[in-house]
Amino acid sequence: MSIAKTYTPADVEAKWYQRWQEQGFFKAKANPRKQPYSVVIPPPNVTGVLHMGHMLNNTIQDVLVRRARMQGKEACWVPGTDHASIATEAKVVALLKEKGIDKKDLTREQFLAHAWEWKEKYGGIILEQLKKLGASCDWDRTRFTMEPELTDAVLRVFVDLHQKGLIYRGIRMVNWDPQGGTALSDEEVIPKDTMAKMYHLRYEVVSDSLPVVSEQNNTDNQQLTTNNYLTVATSRPETIMADVAVAVNPNDPRYTHLHGAKVRIPLLGREIPVILDEYVSIDFGTGALKVTPAHDLNDYELGLKHNLPVIDILNNDGTLNEKAVLYVGQDRFAARRTIVKDLEAAGHLDKVEEYASIVQTSERTGAVIEPRLSLQWFLKMEHLAKPALAAVESDEIRLHPPKFKNMYRVWMENVRDWCISRQLWWGQRIPAYYLPDGTFVVALSADEALLLAREQSGNAELQLTDLRQDEDVLDTWFSSWLWPISVFDGFKDPDNADVNYFYPTNDLVTAPEILFFWVARMIMAGLEYRKQVPFRNVYLTGIVRDAQGRKMSKSLGNSPDPLDLIAQYGADGVRAGMLFSSPAGNDLMFDIKLVEQGRNFTNKLWNAFRLTQGWEVDATLPFANEKAVAWFAAKLQAAQQELDEHFDKFRMSDALMTVYKLVWDDFCSFYLEMVKPAYQAPIDAETLRHTTGFLETLLKLLHPFMPFITEEIWHELTQRGPKEYVCVAAWPKAQPAAGAADLIARMAKALDIVAGVRNVRNQKGLGPNKPLTLAAKTDDAALLQDYDGVIRKLAALTEITVVDAAPAASVGFVSGGAEFFVPLEGQIDLGAEKERLEKEVGYARGFRDSVLKKLSNEKFVANAKPDVLERERQKLADAEAKITALEQGLAAL
RNA sequence: GGGAGAUUAGCUCAGCUGGUUCAGAGCAUCUGCCUUACAAGCAGAGGGUCACUGGUUCGAACCCAGUAUCUCCCA
């Protein structure tokens, strides 16, 4: 049988994924005899396609889940998607537009029919893509946030929270997209740097409003108010009609004389007060700020503080309404151009300045966002936030890395009420029903609402047609925050076996950007509805950036297509590549080289397997590799222990690197080279048995990271039973063996000697196989005896002898306090050799002196811990020995 | 403007309560090798004033203060 020289993932990945599914390995069900391990996927947007962020995030989840499965836990990874109101609705609107259909011409029902059709057709592509990555989700459990059961959960929770008095309607400043006709969340708003104009407008000071001029402000330092004008800087002159005050800083000496005064809005003539507030920054603009509560968030808050009225001059579509009095019906930008001309004509325009500013635009429509007051539904947060904060503070839930705890705390301590309504159709419609008198009732269904409405109004004649359901839908997060409970049907049936068994889930893997929007809210919902946190650990991944540190985005075109990557490098290579450089919470600087490294690693493993497969066994041969086998067994134990520690700390990169080095360096470069028989020579049965066993253990340790290749080799290695897959093999347990540390240390010394010889070969330009001999001047002859075979094989030596003095014409090196010589007749440059030794001895003396200095410091000797002192004395002794050896070597030259 | 975190090799990062081998890894670099498992490889080597300035200490990458730069969060 000949095995391909390079591993080709495309040949095997689909096969194994299918087999795993056929075997039902990913299916999980409540099983009291096993320990549960559950993870809910952060539901990707149903309209989405796989991007690099998903790759990273889901690779990490899969590693955790696969390891748990191998550890014998009932591993349950619940997949699914969310309905992403705004993104999906925007996509459907765009699609309809292409077909020549305008959303405005459709009824709600018609539009939703289109949306569902679209969802059925394209939704879930992303889940299929996850399978290519190897994600071991229990696909039978796939959920969607807008499916009937989950919608039911959302409505129940809304009704419940309303009954508890936690949901209310209120006015709030929202990001209004005049083109899309909806409010947007902060995440859907993109700030754009632009050059804007700052218009300096003269507001006439109402003369009889001025207080008596006092001694201190009668000087003429008030240029800004010359001729009884107060100059205000604004970038939005069209909003002056909505002004309700002009604010100045009370500490601004330029305006002291205006305290308590009134000014007149240009063109309009309405009088408004000058108010004082330290919020106004003295250096910005003219230091006088027009206050327009309806059209600016900060102004709104200023207005609340100073009890000012609110004048909203804008319609939903961005045109001016009749409250503006002037320019009614004009678009906000058209009105701006007109008013600037009129202001100038009337002599109110002092000057125009350019300045760099940031304009908020809609992610979906590109329109400039209008801060706008509107009536929205809110959820009170204080009651929910307190226990959710405590859960993280007490480490009941651990954030990885823990630096996010600070952020979490700050946010939870300053939490604001959650605006849960969205002016969209795609989503769960708010179950509030308005009565003809304008009051409303909240109920799970229209029928229930009618009963309530009759009761509330005292009007038994009320009919369904008299009720009008709220037009808005709920924020998508209002579905997602229930996810860890709702996927196990914990609202419909709070005591079902699944939810009781799998909730709380164990680990959550997600991005720090949604720590507040999602993670915190899930904690709140979990505590509110199940009195238990939804998960124990939250692993926060970083953002995947390109090598230049730019965020990967479609518009930049700097993101590789994940599926192309998988096709090219194999899912295992890509998974490893993603993990090589992704410490928790740090951004991942993605570089194709990382994926290459991952691919190379799969190939390395493949070739190790190839080597062992090529061996012929000779049963008559004695066991020839006891030292190598004992050493690697010890090494394996140590690595397993280290690996488990990394996993426990959620250090995924380090975990992978541990196995990577174990396989590449220890197993391939050292172990296999030690036991490898000469070309076409047979191997003894005992060595082969151990080697195959080691390889199996390595496959198990690697499986969570590289599921496909490990399964392939697992089956190629030997005949397997029908259920015998590495996917469900028992995770190797680290069993600390007595004397393991000593075995490892002794072999390290032997390998250091090997490296010394190889270095000599390199320096002298000798080939790797030129037969050499080695002479050693050492106190530890036992080491050379014990590891004679290993050293001779790896260093290609014919003989190792112990000597009392350096042989003539040889190159020396020092290893572990002993001196070694490679006799090289006729190839020695005495001068160079002397120079090298002198350099080395000088270095050693310097080191000895620094240790000596430490030890002769009385305070050090008095204060240092005994073990530290002991170490220093040992260092001194070693250094002395080395110096002596080197000096003798020099003398011998 | 307020808050949090960071700054260690060319790059990405480790470095646990200050003291093991005068600071580690992977990648990259350099040198030599197509040595019948692997050139997607093998062997070896070089590379750091631990951002800067002070302080505490017998001893500082680590603790403290200040400075600089960067990132994120909130406004």
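Residue numbering restarts at 1 for every chain, and letters A, B, ... go by the order of the sequence lines.
Nucleotides B:rA75 and B:rA4 are separated by 15 Å at their C1' atoms, to the nearest Å. Nucleotides B:rG46 and B:rG5 place their P atoms 39 Å apart, quoted to the nearest Å. The separation of B:rG47 from B:rU36, taken at their C1' atoms, amounts to 35 Å, rounded to a whole angstrom. Taking atom P in both B:rA6 and B:rU17, one finds a spacing of 13 Å when rounded to whole Å. A distance of about 32 Å separates the C1' atoms of B:rC11 and B:rC74, rounded to the whole Å. B:rC58 sits 12 Å from B:rG18 when the C1' atoms are compared, rounded to a whole Å. Taking the C1' atoms as reference points, B:rU53 lies 27 Å from B:rC13, given to the whole Å. Remark: the separation of the C1' atoms in B:rA9 and B:rU29 is 11 Å, to the nearest Å.
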Let's go through A:Ser815 and A:Asp752 carefully: what are the C-alpha distance in whole Å and the side-chain angles of both, what is the deciding distance for side chain to side chain donor-acceptor pair (under 3.5 Å) to 0.1 Å, and is it a yes or a no? CA-CA 7 Å; A:Ser815 168; A:Asp752 193 54; 2.7 Å; yes
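Regarding A:Leu399, its CG atom lies at a distance of 15 Å from the C1' atom of B:rG5, rounded to whole Å. For A:Asp299 and B:rA75, the CG to P distance is 16 Å, given to the nearest whole Å. For the pair A:Asn249 CG and B:rG1 P, the computed distance is 15 Å after rounding to whole Å. Atom P of nucleotide B:rC16 and atom NZ of A:Lys649 are separated by 10 Å, given to the nearest angstrom. Regarding A:Gln613, its CD atom lies at a distance of 15 Å from the P atom of B:rC38, rounded to whole Å. Per the geometry, CE belonging to A:Met674 stands 17 Å off P belonging to B:rA37, to the nearest Å. For the pair A:Glu413 CD and B:rA4 C1', the interatomic distance rounds to 13 Å; values are reported in whole Å. The distance from atom CD1 of A:Ile3 to atom P of B:rC38 is 12 Å, rounded to the nearest whole Å.
For the pair A:Asn406 and B:rG5, the criterion of a side-chain N or O lying under 4.0 Å from OP1 or OP2 is met. At the phosphate of B:rU35, neither OP1 nor OP2 sits under 4.0 Å from any side-chain N or O atom of A:Arg761. Applying the 4.0 Å criterion to OP1 and OP2 of B:rA28, one finds that A:Lys593 has every side-chain N and O outside that range. The side chain of A:Tyr660 contributes an N or O atom lying less than 4.0 Å from OP1 or OP2 of B:rC27.
Comparing A:Thr6 and A:Leu611 by the nucleotide of RNA chain B that holds the closest heavy atom to each, the one mapping nearer the 5' end is A:Leu611.
Between A:Lys676 and A:Glu673 there is a salt bridge, since at least one side-chain N of the basic residue sits less than 4.0 Å from a carboxylate O of the acidic one.
Side-chain contact between A:Leu399 and A:Tyr539: absent, with no pair of heavy atoms (C-beta onward) separated by less than 4.5 Å. Side-chain contact between A:Leu565 and A:Ile592 is present, with heavy atoms from C-beta onward closer than 4.5 Å. A 4.5 Å side-chain heavy-atom check between A:Val538 and A:Phe404 finds every atom pair outside the cut-off. Using a 4.5 Å heavy-atom threshold, the side chains of A:Arg398 and A:Asp395 count as touching. Residues A:Arg236 and A:Thr292 are not in side-chain contact: their nearest non-hydrogen atoms beyond the backbone lie 4.5 Å or more apart.
With B:rA37, B:rA39, B:rA25 as the candidates, the nucleotide lying closest to the side chain of A:Lys5 is B:rA39. Of the candidate nucleotides B:rA40, B:rG26, B:rA37, B:rG26 has the atom nearest to the side chain of A:Met657. Nearest to the side-chain atoms of A:Phe516 among the listed nucleotides B:rC73, B:rC38, B:rA75 stands B:rC73.
The neighbour count for A:Glu616 CD, taken as heavy atoms of other residues, nucleotides or ligands under 6.0 Å away, does not exceed 12.
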Letter by letter from the 5' end, nucleotides 41-47 of chain B scores (B base, S sugar-phosphate only, - none; protein heavy atoms under 4.0 Å) SSBSS--
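In terms of heavy-atom proximity, A:Phe609 sits nearest to A:Leu695 at CA-CD2, 4.1 Å. Contact detail for A:Thr687 and A:Tyr671: the closest heavy-atom pair is O-OH, 4.1 Å.
For the atom pair A:Leu766 CG and A:Leu824 CG, the distance stands at 6.0 Å (nearest 0.5 Å).
At a threshold of 4.0 angstrom between heavy atoms, the contacts of A:Arg416 are confined to the sugar-phosphate backbone, with no base atom among them. Among the heavy atoms of the strands lying under 4.0 Å from A:Lys661 are primed sugar atoms or P, OP1, OP2 only; no base atom is included.
When base pairs are accepted only as Watson-Crick or G-U wobble with both N-N or N-O distances under 3.5 Å, RNA chain B takes part in stems of 3 or more pairs at B:1-7 with B:68-74, B:10-13 with B:24-27, B:29-33 with B:41-45, B:51-55 with B:63-67.
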